[in-house]
Q: 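Can you keep this structure in mind? I'll have questions shortly.
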Amino acid sequence: MVELRKAQLSGAKKTEWENAGVELPAFDIDKMRAQTEQTPEWLHFGAGNIFRGFIADLAQKLLNEGLAQTGIIAADTFDYEIIDKIYKPYDNLTLLALMNADGSLEKRIVASVAEGIHADSSDGACWNKLKSIFSADSFKMASFTITEKGYSLFGMNGELSPVAAADIANGPDKPVHAMSVVASLVLERYKKGAKPIALVSMDNCSHNGEKLQNAVFAVADGWLKNGFVDAGFIEYIHDSKRVSFPWSMIDKITPRPAASVQAKLEELGIADIAPVTTNRKTFIAPFVNAEKPQYLVIEDNFPNGRPAFDKLSGSGVYLADRDTVNRTETMKVTTCLNPLHTALAVYGCLLGNKSIAEEMTNPLLVALIRKIGYDEGLPVVVDPGILKPKAFIDEVVMERLPNPGIPDTPERIATDTSQKVPVRFGETIKSYIREGRSFDSMVGIPLAIAGWLRYLLGINDKGEEFAVSSDPMMDQLKEILAPVKLGKPESAKGVLEPLFKNTTIFGTDLTTTPLAGKIEEIYGKLISGTGTVEKTLEEYLK
């Protein structure tokens, strides 16, 4: 048996890892860590699976190929138990299991993380270490995968959240919110010579660099107003030659740890890899299971230098200008992946599917996403130039979504759907309006929207109740749909109009298009009784 420990990567245990088909690091871990301690270059906020399964693996490739001498420092702003229970006990190593469509696993130990640390200003040792890292001449970049919510300073009422308001009132010494933490550390760099730095969001959200930039600016402006910083600091962070906020597009599915993957690894003689659930409800394991395809398109704007991403072949990393990054992200989220995912998510919950891959065995659901992607999306797709939209969607439909090894659930993808609809479907609708295209043949998107509204009833196609995934607009949506009763299509008459007029949800007033009537018609059939979801799909997609 072998365990995920640095001491077990050499000697007889090294042979056991190799016999288990696990690729080991090709660099000196101790030397890398010593060099990182002396000249830190890269720190990453957000120590979860997308970081360990993609970003840290990129750093590993750089180290393996001799293109880097230092690793990454991983910092978490949200759940310190990730560092305490998944990083430190396993010597900051991760066992990465890439899941191929044929059911096989590609396995390697990722050892590029030099240190895991709490991004906690109340922990003196951790906070001093972070300030030291940010002050170093060698420091090039801080990157982020903290989810879109991590950048938000404001509540739904448009006012500062209590945490953000307290940080602005109390100043930069003991920040709590992730964005206040970042602003405070950048302030430390300013005080130690105003040296250049790149702050790179790698989160899966539109205009991620802009979200990060706006949040840091808002905190800094608040501190200026309250007398905690000088005008020179504001000038510093607004100077893109000294502080840059590159945009990026990231794409890689890294689901929750799968029991099936854990079992396969244990069968190979790998011990002590069981997942843990933290007090903050993070479900995480010493291993990361992920799909193999991956894409990271980054705006090449690094005022203090960057990792040699351009010298990595086959890594999925593309360096580009901001417009190209934006076009690539738009291609993905409005046409080639995200709309298909959302459509599968809501119908998967209604039809009782346990995984996205399982849904791809249903010809009706495959026909639905093909209609949305190929027939309705591709004619108005934004072509980024560096990735071909048709090839991208082909990979999604034919390889990625059907991969039975990916244990991704409809319930996970259905989370926060109200926040996704305006981009995933609304942008295509707006393109049709802008280009004067007819909506007569549009079927897939109306089916997806009507399916989401049917999903919100929390009753599946068999008439059984299920738990609807969390959504920030859930209370409002349930209040609007309260009169609707399954088996009574007349109960929906006139109910949907306020939703159709909501430009926040749909990106446009659907009542000004033929889509409102079409969606209402489909919705009436979806709620007409049990068993009608599949019948409605068949009627419109036959």
Q: Decide side chain to side chain donor-acceptor pair (under 3.5 Å) for N208 and Y151; before the verdict, give the C-alpha distance in whole Å, the side-chain angles of both, and the deciding distance to 0.1 Å.
A: CA-CA 9 Å; N208 50 18; Y151 304 99; over 6 Å; no

Q: Within the structure provided, determine whether I109 and V22 are in side-chain contact (heavy-atom separation under 4.5 Å).
A: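 Yes, their side chains come closer than 4.5 Å.
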
Q: A cation-pi test, strictly: NZ or CZ of R280 under 6.0 Å from the centre of the six-membered ring of F78 and no more than 45 degrees from its axis. Yes or no?
A: yes

Q: Specify whether H118 and Y80 have parallel, tilted or perpendicular ring planes, treating 30° as the upper limit for parallel and 60° as the lower limit for perpendicular.
A: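 Rings of H118 and Y80: parallel, as their planes differ by under 30°.
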
Q: Under 3.5 Å, is there a donor-acceptor pair linking the side chains of N279 and E81?
A: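 Yes, E81 and N279 have a side-chain donor paired with an acceptor closer than 3.5 Å.
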
Q: Keeping N403 on the side-chain end and E399 on the backbone end, is there a donor-acceptor pair under 3.5 Å?
A: no

Q: Can you tell whether the side chains of R400 and E291 come within less than 4.0 Å, N to carboxylate O?
A: yes

Q: Quick check for you: to the nearest 0.5 Å, what is the distance between K211 atom NZ and M179 atom CE?
A: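 Reported to 0.5 Å precision, the distance equals 12.5 Å.
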
Q: Can you confirm whether the side chains of D76 and Y87 place a donor and an acceptor under 3.5 Å from each other?
A: no

Q: Between F245 and E210, is there a side-chain heavy-atom distance shorter than 4.5 Å?
A: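 No, every pair of side-chain atoms sits at 4.5 Å or beyond.
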
Q: Below 6.0 angstrom between ring centroids: does that apply to H238 and F217?
A: yes

Q: Within this structure, what is the CG-CZ distance for the pair N338 and R424, rounded to the nearest 0.5 Å?
A: 4.0 Å

Q: First locate atom CE of M249, then atom CG of N326, and finally report the distance between them rounded to the nearest 0.5 Å.
A: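 It is 11.0 Å, given to the nearest 0.5 Å.
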
Q: Cut-off 3.5 Å, side chains only: do N49 and R52 have a donor facing an acceptor?
A: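 N49 vs R52: donor-acceptor pair found between side chains.
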
Q: Tell me yes or no: between the side chains of N204 and K332, is some donor less than 3.5 Å from an acceptor?
A: yes

Q: To the nearest 0.5 Å, how far apart are CD in Q38 and OG in S138?
A: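 Interatomic distance, Q38 CD to S138 OG, rounded to 0.5 Å: 9.0 Å.
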
Q: Considering only NZ, NE, NH1 and NH2 on the basic side and carboxylate oxygens on the acidic side, decide whether K192 and D137 come within less than 4.0 Å.
A: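 Result for this pair is no, no salt bridge flagged.
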
Q: In plain terms, say whether K107 and E23 are close enough for a salt bridge, that is, a side-chain N and a carboxylate O under 4.0 Å apart.
A: no

Q: Does the side chain of R33 come under 3.5 Å of the side chain of T36 through a donor N or O and an acceptor N or O?
A: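 Per modelled atom types, R33 and T36 side chains form no pair under 3.5 Å.
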
Q: With a 4.5 Å cut-off on side-chain heavy atoms, are K195 and Y190 touching?
A: no

Q: Run the salt-bridge test on D408 and R256 with the 4.0 Å N-O cut-off and return the result as yes or no.
A: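 Salt bridge absent between D408 and R256.
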
Q: Check whether the side chains of S418 and D471 place a donor and an acceptor atom closer than 3.5 Å, and report yes or no.
A: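 Yes, a side-chain donor-acceptor pair sits under 3.5 Å.
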
Q: Is any side-chain heavy atom of F302 closer than 4.5 Å to a side-chain heavy atom of S244?
A: no

Q: Got a second to check how far I50's CD1 is from T254's OG1, nearest 0.5 Å?
A: 4.0 Å

Q: Got a second to check how far W247's CH2 is from D323's CG, nearest 0.5 Å?
A: 8.5 Å

Q: Under the 3.5 angstrom rule, does the side chain of W17 hit a backbone N or O of S10 as a donor-acceptor pair?
A: no

Q: Could you check whether Y318 and F309 have their ring centres less than 6.0 Å apart?
A: no

Q: Can you check side chain to side chain donor-acceptor pair (under 3.5 Å) on S355 and E359, steps first, answer last?
A: CA-CA 7 Å; S355 70; E359 291 188 69; over 6 Å; no

Q: Do W42 and S143 have a side chain donor and acceptor closer than 3.5 Å?
A: yes

Q: Would you say the side-chain atoms of D123 pair up with the backbone N or O of C126, donor to acceptor, closer than 3.5 Å?
A: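 Here the side-chain-to-backbone pair exists.
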
Q: Are M141 and L199 side-chain neighbours, meaning at least one heavy-atom pair lies under 4.5 Å?
A: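 In short, these two side chains do not touch, never coming nearer than 4.5 Å.
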
Q: Of all the heavy-atom pairs spanning D203 and I146, show the shortest one and how long it is.
A: OD2-N, 2.7 Å

Q: Any ion pair linking D167 and K174 (charged N to carboxylate O, less than 4.0 Å)?
A: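 No, K174 and D167 are not salt-bridged.
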
Q: Using 4.0 Å as the upper bound for N to carboxylate O, is an ion pair formed by K420 and D416?
A: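 Judged by the 4.0 Å cut-off on N to carboxylate O distance, D416 and K420 do not form a salt bridge.
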
Q: Is it the case that the side chains of S248 and E299 hold a donor-acceptor pair, with the cut-off being a distance below 3.5 Å and no angle test?
A: no

Q: Do I298 and L296 have side chains that get closer than 4.5 Å, going by heavy atoms?
A: yes

Q: Hey, is K13 close enough to E18 for a salt bridge, meaning N to O under 4.0 Å?
A: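 No, this pair does not count.
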
Q: Between K31 and D28, is there a side-chain N and carboxylate O pair less than 4.0 Å apart?
A: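 Judged by the 4.0 Å cut-off on N to carboxylate O distance, K31 and D28 do not form a salt bridge.
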
